[in-house]
J.: 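The structure that follows is given in the form of structure tokens.
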Amino acid sequence: MVVNYFAEWCAPCLRELPELNEFNQHKAKDVELVGVSFDPMSNAELAELKQRHGIEFQLALMEPAPKFPFQRPQMLPATYVIKPDGSVKGPLMGEQDLESLENAVNSH
């Protein structure tokens with residue numbers, strides 16, 4: 001699972017959305033990409049944000065709040081990779097692209 005924390009006010013987060021959409025289209029079937037809003041918002045606000053920014057991957061619902069095996073990041077954008085054995089790689093800080101995401105998923 002690839003978990004990407006973003007915020008609408010974060011310019012680098014918005015710049016990497018097309019790369020995340022591309023990764024989502026080309027990822028292996030056993031890989032999930034989930035976006036997580038850094039800011040609290042209702043599920044309706046989240047759906048509106050997804051449509052407004054053309055986000056093509058799944059966003060974690062905020063109600064109930066998602067639980068992950070790592071601390072909420074202090075800086076954005078931040079991306080984590082949760083391996084099948086439960087280990088966590090990351091945070092990968094800053095804008096990610098298709099190549100960096102594929103490398104993170106495929107590295108051992």
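Start at 1 with the first residue, then count along the sequence. Keep in mind that what you see is a predicted model, and the values were worked out from it rather than measured.
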J.: Taking atom CZ of Phe57 and atom CD of Glu32, what is their separation to the nearest 0.5 Å?
T.: 12.5 Å
J.: Using the side-chain contact (heavy atoms from CB on, under 4.5 Å) criterion, which residues pair with Gln25? Sequence neighbours excluded.
T.: Glu56
J.: Using the rule that Ile, Leu, Val, Met, Phe, Trp and Tyr join whenever any side-chain heavy atoms are under 4.5 Å apart, tell me whether Leu14 and Phe6 fall into a single cluster.
T.: yes
J.: From Leu98 CG over to Asn24 CG, what is the distance, rounded to the nearest 0.5 angstrom?
T.: 11.0 Å
J.: Just jot down the salt bridge (charged side-chain N to carboxylate O under 4.0 Å, His left out) partners of Glu16, sequence neighbours excluded, or say none.
T.: none
J.: According to side-chain contact (heavy atoms from CB on, under 4.5 Å), who are the partners of Ala60, at least two apart in sequence or on a separate chain?
T.: Val34, Val36, Pro66
J.: Return the set of residues passing side-chain hydrogen bond (donor to acceptor under 3.5 Å, both in side chains) with Glu8 (not counting sequence neighbours), or none when no residue passes.
T.: Arg52, His53
J.: Just to verify, what does Asp30 make a side-chain contact (heavy atoms from CB on, under 4.5 Å) with, not counting sequence neighbours?
T.: Ala28
J.: Applying salt bridge (charged side-chain N to carboxylate O under 4.0 Å, His left out), which residue pairs with at least one partner in residues 92-102 are found, sequence neighbours left out?
T.: Arg15-Glu95
J.: Name all residues meeting the side-chain contact (heavy atoms from CB on, under 4.5 Å) criterion together with Met75; count only those two or more places apart in sequence or in a different chain, and write none if there are none.
T.: Met93
J.: For Asp39, which residues count as a side-chain hydrogen bond (donor to acceptor under 3.5 Å, both in side chains) partner, sequence neighbours excluded?
T.: Trp9
J.: Any chance you could measure Leu20, atom CG, to Asn4, atom CG, to the nearest 0.5 Å?
T.: 4.5 Å
J.: Can you hop from Val3 to Leu17 via hydrophobic side chains spaced under 4.5 Å?
T.: no
J.: With sequence neighbours excluded, tell me which residues meet ring pair (Phe, Tyr, Trp, His ring centres under 6.0 Å) with Phe70.
T.: Phe68, Tyr80
J.: Look up atom CG in Leu59 and atom NZ in Lys50, then write down how far apart they are to the nearest 0.5 Å.
T.: 5.0 Å
J.: Distance check, rounded to the nearest 0.5 Å: Ile55 atom CD1 versus Leu46 atom CG?
T.: 8.0 Å
J.: Could you tell me the separation between the CG atom of Leu76 and the SG atom of Cys13, rounded to the nearest 0.5 Å?
T.: 4.5 Å
J.: With sequence neighbours left out, which residue pairs that include part of residues 17-40 fulfil the ring pair (Phe, Tyr, Trp, His ring centres under 6.0 Å) condition?
T.: none
J.: Look only at the side chain of Asn21 and the backbone of Gly54, and say whether a donor-acceptor pair between them is shorter than 3.5 Å.
T.: yes
J.: Identify whether Val88 and Tyr5 are in the same connected component of the hydrophobic contact network (ILVMFWY, side-chain heavy atoms under 4.5 Å).
T.: yes
J.: Any salt bridge (charged side-chain N to carboxylate O under 4.0 Å, His left out) pairs touching residues 61-79, not counting sequence neighbours?
T.: none
J.: Could you tell me whether the side chain of Lys83 and the main chain of Val105 form a donor-acceptor pair under 3.5 Å?
T.: yes
J.: Using the test side-chain hydrogen bond (donor to acceptor under 3.5 Å, both in side chains), find all partners of Glu45 that sit at least two apart in sequence or belong to another chain.
T.: Ser42
J.: Please step through side-chain contact (heavy atoms from CB on, under 4.5 Å) for the pair Asn43 and Met62, ending with a clear verdict.
T.: CA-CA 6 Å; Asn43 292 341; Met62 303 304 288; 4.1 Å; yes
